[in-house]
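Have a look at the structure below, then the notes.
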Amino acid sequence: MSAPTTRRLPRGPRSILGTALVAVASATSLLALGGLLEPGRWRGVAWLSIAVLAAVIATVRALTRSWWAPTLAGLVVAGAGLVLRYGSPPGRLQVLPDLAALDRTLAAFREGMTLINTSTVPMTVVRPTELIIVTGALAVLVLADLLAVGLGLAAWSGLPLLGMWAPAVLLGFPGDVWPLAWTALTYLLLLALSAAPPGARSDRTRRASVAVVSAAAVVTLTLVAGPVVAALPGWSSVQVPGLGTGAVGPLRLSEDLDLRESLGDRSGQPVLRYTVTDAEAPVDADDDPLAAATPAGPTVSARLVGPLRAFTVADFDGRSWQRADAEELVDWDPSLLLSSDPSLLLTAPDPDAGVLAQVDVEVANLREDHLPVATFARTVVADGSWLYDQRRDEVVGSRATRPGMSYQMLVQVPDLTADDLRDAPVGRFDGVEQYLALPETDHTDDIAALAREVAAEATTPYEQSLALQTWFRSTQNFTYDARVAAARTDDAVWDFLSSRRGYCVQFATSMAVMARSMGIPARVGVGFLPGTSQGDGTYTVTGRQAHAWPELFFEGAGWVRFEPTPAVQTGTPPQWSDPLLDAGAGATRPDSEQIPTAAAPGASATAPAGAPVGPREQTEESSFPTLGIALGAAVVLVAAGLSVVLVRRRSTHRGELVPERAWRRLRDRLGARGLDWSDSTTPRAAVDTLQGMLRDRTGADLDGSALTALQALAQAVEQERYAPTWRGVRGDELERWVVEVTEGVSRLLSDRTRRGAVPSAPRTAP
């Protein structure tokens, strides 16, 4: 099959110019999606992909006169590139695609479609949705090039270019005029190129000038006359359907948490909005049942109140959590506290027992038959048929929440600290066996042995719990990744502990199971992170902030929340399990009301997915004022990409030294000298431990610049582990600290040897 001989097909430099115009038109038409998507790197990735594919097509066309070969080559290269980029295993670069990579790419594509169907506008672009966008952009390029250059049907190439406007038109969202203007100009130039005859050199200049001037005149007339025509009464009375302006389905939390699946659909749509104020303002007790329990108090915040828990799960079979029906649901007095602590249950809020925080919640796009409430003791005032499950400390409704519904809480936040829990024994209560049960798998004993190893030096249940949390939160040990690897054993926890990659459900479940193996009652709470401050006292919680965490039971404190999921996803841990707050003088805590945004399924906060996991700070202009700016931006993006590749290669060669890696390097060097400590030891405690070991072996302490370097490195590691934001430290500075500590320790050991003393046995610290 060949193209009709009567049609004039561009050849030589004309074909290269034609493909270039098609590439520019595809890139500018991509901007039509700007009103539907949040700013991000997806534009740069798509533009770079278009440029590379256009170069491949133009090169193949220069080597052959076949009309279909360039298109076929483009399809093959595009498919291979997509599979290599989006189907590579987490943390590895795959050179040649295989069937496994294809399966991962298809899975990411399906996940992207699910996210699109459950998200609201503007949608945050994560790796799976970026795959769909890039695929669409490359498809437009290949089809438009085939029509305009391959078959010589330049006029028909406008149809695939218009495909980029279809989502905005169907959803009823206004678009920017500049993408349409520049795409139209490029399209007209493509028409002029196809219409210009290859011969008649004397007349070629005049024809080309007429085509360019005519194209510019049409675009200018459109820009000038468009607003005038749109302002006419006839046009202003036409209403475009508002499809897509609201939420695409309410969110519902999954009650059966599967460690090999994501935690429900995490879209960017708001699910809750609430305010947190102190309880000082006087109110009329006749109008508000909370009035009698509203004394004056300090200013409070969402971070102080903590996450809002919808329900808990306790039965784990090695892969997923299940929930049984509630045994007994009762009504309650809205002026009295609801709590898992029997000593607080149905008592009046007491300002002497903690800070009282007034929380007013409005439900948005959430359909849940469990009311999200604070984990602390709280009163609850809610309209509708709501009952209390005392055993699980849950507020359960006969009907699900609905948009616009509101409820109020008076939360009694206790002043719970590490000192309160340090010597607390494990709590025992009726039915505690359910919270100590372990699944019978091939690796149950392996998990228990690992838990004992991590907490080997801990002497109390609290210290064991803190050791587990410290171990999980270390970025040297684990990586947050919402993608789940294929199962390798019958135990999902063991698979996670082997891969060291997972999201909040894996972290929470693993800590709960390991705590149970050491005799500490544990369960998993499911709900939402505190949300993002809007600056006016209002906090917004989105579907991406759905979260799971472990709760452990201690005598005198009840169920206590821990946070093993890394700080990049959850921010700081609770104050009673925060080593920075427990370190005494010199410890600092960055204060921030912004809670990191939970990543969507398929997104990673570190290497994979490339999805944003925190509040977005950058802004990006949606307009596209001049073609020069567009071309300049493309050049800058390409140059920046090459620079990043070079820098990353150099960084990789140099070891990409960060605090965790520097800490590991120091431990390796000191370990060779018989000085080491366990993974569960916090960096600040490791400083004292090392001093003790040196004192035992040499009779002297590390001092001077070596001690200063050790303390600085320990603080940098703590900041990286526990702070939502931390001051970056240069790699050469980290290396200098490692060298100074190593040399200081070597001097002490050498002096001890020269004095002829017999060194004592090395000591391993917690």
Side-chain angles (χ1 to χ4, degrees), residues 3 7-32 43 46-63 67-71 73-75 77-78 136-165 177-198 204-205 207-220 222-223 624-635 637-638:
R7 185 177 301 119
R8 185 179 295 110
L9 304 181
R11 296 298 178 191
R14 289 162 54 89
S15 68
I16 298 177
L17 180 58
T19 300
L21 289 173
V22 171
V24 173
S26 301
T28 54
S29 65
L30 189 68
L31 296 175
R43 291 181 180 177
W47 284 346
L48 182 59
S49 303
I50 289 173
V52 172
L53 185 60
V56 170
I57 293 175
T59 301
V60 174
R61 186 168 284 120
L63 300 176
W67 64 271
W68 54 267
T71 301
L75 290 174
V77 171
L138 297 183
V140 168
L141 170 64
V142 171
L143 184 55
D145 177 81
L146 173 64
L147 293 172
V149 186
L151 299 177
L153 303 173
W156 290 95
S157 65
L159 292 179
L161 295 176
L162 287 176
M164 288 295 182
W165 274 270
V177 68
W178 289 110
L180 181 61
W182 291 118
T183 303
L185 176 59
T186 310
Y187 175 68
L188 292 175
L189 292 175
L190 190 62
L191 293 178
L193 177 67
S194 65
R204 185 180 302 174
T205 302
R207 288 175 175 266
S209 300
V210 171
V212 172
V213 172
S214 299
V218 170
V219 173
T220 302
T222 302
L223 295 178
F624 199 66
T626 63
L627 184 59
I629 294 178
L631 295 177
V635 172
L637 286 172
V638 173

d(Ser29 OG, Ile50 CD1) to nearest 0.5 Å is 7.0 Å

Here the gap from Leu193 atom CG to Leu188 atom CG, rounded to the nearest 0.5 Å, amounts to 12.5 Å

When every non-hydrogen atom of Ala137 is compared with those of Leu30, the smallest separation belongs to CB-CD1, 4.0 Å

CG (Leu153) and CG (Leu147) are apart, to the nearest 0.5 Å, by 6.0 Å

For a 4.5 angstrom cut-off between non-hydrogen side-chain atoms, does Val149 reach Arg14? no

Correct closest heavy-atom pair for Ala32 and Met164 would be CB-O, 3.7 Å

Shortest non-hydrogen pair, Leu190 vs Ala148, comes out as CD2-CB, 3.5 Å

Residues Tyr187 and Ala154: closest non-hydrogen pair is CE1-O, 3.5 Å

For residues Ser26 and Leu161, determine if any side-chain heavy atom of one lies less than 4.5 Å from a side-chain heavy atom of the other.
-> yes

Check your understanding: Would you call Trp67 and Leu146 a side-chain contact if the rule is heavy atoms closer than 4.5 Å?
Key -> yes

The reported gap from CZ in Arg43 to CG in Leu31 (rounded to nearest 0.5 angstrom) is 5.5 Å

Indicate whether the side chain of Thr183 and that of Thr28 have a donor and an acceptor atom separated by less than 3.5 Å.
-> yes

Rounded to the nearest 0.5 Å, the CG atom of Leu75 sits from the CG atom of Leu143 at a distance of 9.5 Å

*So, do Trp68 and Thr71 sit near enough that their side-chain heavy atoms are less than 4.5 Å apart?*
no

Looking only at heavy atoms, the pair that brings Ala78 and Leu138 closest together is CB-CD1, 4.0 Å

| So Ile16 and Arg61, side-chain contact (heavy atoms from CB on, under 4.5 Å) or not? Walk me through it. | CA-CA 8 Å; Ile16 298 177; Arg61 186 168 284 120; over 6 Å; no

Heavy atoms of Leu53 and Gly74 approach each other most closely as CD1-O, 3.3 Å

